[in-house]
Amino acid sequence: MLNRIKDLTQQLAPRLIDIRRHIHAHPELSGHEQQTATYIAGVLSSTGLQVREAVGRTGVVGELAGSGADGRRVALRTDMDALPMEERTGLSYASRNLGLMHACGHDVHATVGLGTAMVLAQLGEPLPGDVRFLFQPAEEIAQGAQWMVDAGTVDDVDALFGLHVFPSIPGGEIGVRYGALTAAADELEIVILGESGHGARPHEAIDAIWIASQVITTLQQAISRTQNPLRPIVLSIGQIQGGRAPNIIADRVTLTGTVRSLHPETYETLPLWIEALVANVCASYRAKYEFTYRRLVPSVQNDRALTQIIEQAFTEAYGSDLLQNLLEPSLGAEDFSVYLAKTPGTMFRLGVGFRDRPNYPLHHPQFDVDEQAIAVGVVTLAYGIYKYWQR
């Protein structure tokens, strides 16, 4: 079966590259992936899958029926939205949509999903169970997975697979990790409420800017001195807004930022811990505050058995020398984790780095991928899905 999958993938490789380049040239923002969704639905339909559109707003679902010998259903999730940034790669198939770019590899993800569907549909024999292909919108704003879950796309799914490109891993290789792969991501807003006054008489006012600086310093110091260093937390204030004029003491400052963590216990206690620190600082300087904490996505926790299937599928196809066992998780976030509250799953890192030239990071205007990675992703997932029913 592995040889059959590899042969089919090799035959499809030129078409898959064309598909990826088409998607890359026509990026769309989160929640507005109508043209991308229509294109993906057309490819799936031509492959013989049953297709549903407008699932989870702009998502697409493709169904590949199995023989019914095994009642377990497998799903593969990929995403398809782009970023609001100007591309500077100079590629002949660079973005044609001004100010938009596939700088996070979702064009590759969607293509790998389509390629996996094509290969499994053309095996010549039905799989023991059904396969569902999820093409998700709005991953970049961490909302699309919840839309798809709310639409019931994984209610009857027994195992979920996913992937994400990684430019620091060379094309032709993959990275797997058991347990935590990505961090939980939250957002916070802190509003410091003071009292205005003349800049020459600060003692008559309550300086919201100065108090905001104390809040930021206290939060960073408290992380390093009161939290377990083996359970990392990253708290970054990305925006500060306040003040009216150089000689007026500000009465209101808004701080907004992101909070990242890996361990479930830490994740649960963060809002109360952060607010307590803010409250103590404000009370010390007679200020008031408003505190808003918004959960975005939890940590991706890979299922051990499913991760092992991906590892075995890849090593049988390409050898153990090209497999990286990732020693550390990423503090980046992925809303793939939202599905994992409903069904076990695993996500692996697909190497897309070039070996002979510099590689730019994700979300960079010159980000590019080694396109040989597409076939590697297809073989790994198609064979991994096949192996799932052989357990």
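None of the values given here were measured: they were computed from a predicted structure.
Asp335 places none of its side-chain heavy atoms less than 4.5 Å from the side chain of Gln146. Counting heavy atoms from C-beta on, the side chains of Glu311 and Asn325 come closer than 4.5 Å. Looking at His364 and Pro167, their side chains never come closer than 4.5 Å, going by heavy atoms from C-beta outward. Pro170 is listed as a side-chain neighbour of Gln324, based on a closest heavy-atom distance under 4.5 Å. Using a 4.5 Å heavy-atom cutoff, the side chains of Met148 and Val61 are in contact. For the pair Leu326/Ile169, a side-chain contact is recorded, criterion being any heavy-atom separation below 4.5 Å from C-beta on. The shortest side-chain heavy-atom distance between Glu139 and Arg77 falls under the 4.5 Å cut-off. Taking the side chain as every heavy atom from C-beta outward, Pro271 and Arg295 approach each other to under 4.5 Å.
For the atom pair CD of Gln366 and CG of Leu91, the computed distance is 10.0 Å after rounding to the nearest 0.5 Å.
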Check your understanding: So His109 and His164, side-chain contact (heavy atoms from CB on, under 4.5 Å) or not? Walk me through it.
Key -> CA-CA 7 Å; His109 301 169; His164 201 296; 3.6 Å; yes
Practice item. With side-chain contact (heavy atoms from CB on, under 4.5 Å) as the test, would you mind laying out the steps for Thr256 and Glu187 before giving the verdict? Key: CA-CA 7 Å; Thr256 55; Glu187 288 182 349; over 6 Å; no
Exercise for review: May I have the step-by-step check of side-chain contact (heavy atoms from CB on, under 4.5 Å) for Leu255 and Val278, ending in yes or no?
Suggested key: CA-CA 11 Å; Leu255 310 174; Val278 173; over 6 Å; no
Review point. side-chain contact (heavy atoms from CB on, under 4.5 Å) between Leu120 and Phe133: does it pass, once the steps are laid out?
Key: CA-CA 11 Å; Leu120 292 179; Phe133 296 89; 4.1 Å; yes
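No donor-acceptor pair closer than 3.5 Å links the side chain of Thr343 to the backbone N or O of Leu340. Listed for the Gln220 side chain is a donor-acceptor partner under 3.5 Å among the backbone atoms of Leu235. With hydrogens and angles disregarded, no donor-acceptor distance shorter than 3.5 Å links the side chain of Gln35 to the backbone of Glu28. Judged purely by atom type and a 3.5 angstrom limit, Arg349 has no side-chain atom pairing as donor or acceptor with the backbone of Val176. At distances below 3.5 Å, not a single donor-acceptor pair connects side-chain atoms of Asn97 with backbone N or O atoms of Leu100. Proximity of a side-chain donor or acceptor of His263 to a complementary backbone N or O of Glu265 within less than 3.5 Å is not detected. A donor-acceptor pair under 3.5 Å is formed between the side chain of Ser213 and the backbone N or O of Trp210. Under the 3.5 Å distance criterion, the side-chain polar atoms of Thr116 are left unmatched by any main-chain donor or acceptor of Leu381.
Among pairs with a residue in residues 8-58, those fulfilling ring pair (Phe, Tyr, Trp, His ring centres under 6.0 Å) read His22-His26, His22-Tyr39, His24-Tyr93, at least two apart in sequence or across chains. Screening residues 98-107 for salt bridge (charged side-chain N to carboxylate O under 4.0 Å, His left out), with sequence neighbours left out, gives Arg20-Asp107. Legend: salt bridge (charged side-chain N to carboxylate O under 4.0 Å, His left out) pairs involving residues 379-391, not counting sequence neighbours, sorted by first then second residue: Glu316-Lys387.
In the hydrophobic cluster analysis, where Ile, Leu, Val, Met, Phe, Trp and Tyr join through side-chain heavy atoms closer than 4.5 angstrom, Ile237 is grouped apart from Leu331. If you chain together hydrophobic residues whose side chains sit under 4.5 Å apart, Met347 and Val131 never meet in one group. Hydrophobic clustering, with ILVMFWY side chains joined whenever heavy atoms are under 4.5 angstrom apart, keeps Leu160 apart from Ile310. Note on Leu83: it clusters hydrophobically with Val369, by side-chain heavy-atom contacts below 4.5 Å among ILVMFWY residues.
Few gaps surround CD on Glu86; more than 12 heavy atoms of other groups in view lie less than 6.0 Å from it. Glu328 CD: 12 or fewer foreign heavy atoms inside a 6.0 Å radius. The 12-atom threshold is not exceeded at OH of Tyr360, counting heavy atoms of other residues, nucleotides or ligands nearer than 6.0 Å. Other residues, nucleotides and ligands contribute only 12 or fewer heavy atoms inside 6.0 Å of the CD atom of Gln10. The number of heavy-atom neighbours closer than 6.0 Å to CG of Asp321, taken from other residues, nucleotides and ligands shown, is 12 or below. Within a 6.0 Å sphere centred on NZ of Lys6, heavy atoms belonging to other residues, nucleotides or ligands number more than 12.
A donor-acceptor pair shorter than 3.5 Å cannot be found between the side chains of Asp7 and Gln11. Using a 3.5 Å distance cut-off with no hydrogens or angles, the side chains of Thr258 and Arg260 do pair a donor with an acceptor. Counting only N and O atoms by type, the side chains of Thr182 and Glu334 include no donor and acceptor under 3.5 Å apart.
The one candidate from Val259, Asp186, Ile223 that meets the side-chain contact (heavy atoms from CB on, under 4.5 Å) condition with Ile274 is Val259.
Ala138 and Ser30 get closest at one heavy-atom pair: CA-CB, 3.6 Å. Shortest non-hydrogen contact noted between Ala121 and Leu49 is CB-CD1, 4.1 Å. Pro128 and Gln390 get closest at one heavy-atom pair: CG-NE2, 4.5 Å. In terms of heavy-atom proximity, Gly66 sits nearest to Pro126 at C-CB, 4.2 Å. Taking all atoms of both residues into account, the shortest heavy-atom contact from Lys288 to Cys282 is O-SG, 4.1 Å. Closest heavy-atom contact between Gln136 and Ala145: NE2-N, 3.2 Å.
Note: Tyr339 and Phe336 have tilted aromatic rings, judged against thresholds of 30 and 60 degrees for the angle between ring planes. Between Tyr293 and Phe291, the angle of the ring planes stays under 30°, which puts this pair in the parallel group of the 30/60° scheme.
Residues passing the side-chain contact (heavy atoms from CB on, under 4.5 Å) test with Thr58, sequence neighbours excluded: Glu33, Gln34, Pro137. Shown here are the salt bridge (Lys or Arg N to Asp or Glu O under 4.0 Å) partners of Arg225, two or more places apart in sequence or in another chain: there are none. Residues that satisfy the side chain to side chain donor-acceptor pair (under 3.5 Å) test with Arg73, not counting sequence neighbours, are Asp130, Asp156.
Between Glu63 and Arg52 there is a salt bridge, since at least one side-chain N of the basic residue sits less than 4.0 Å from a carboxylate O of the acidic one.
Cation-pi geometry between Arg72 and Tyr388 is met: under 6.0 angstrom from the ring centre, within 45 degrees of the axis.
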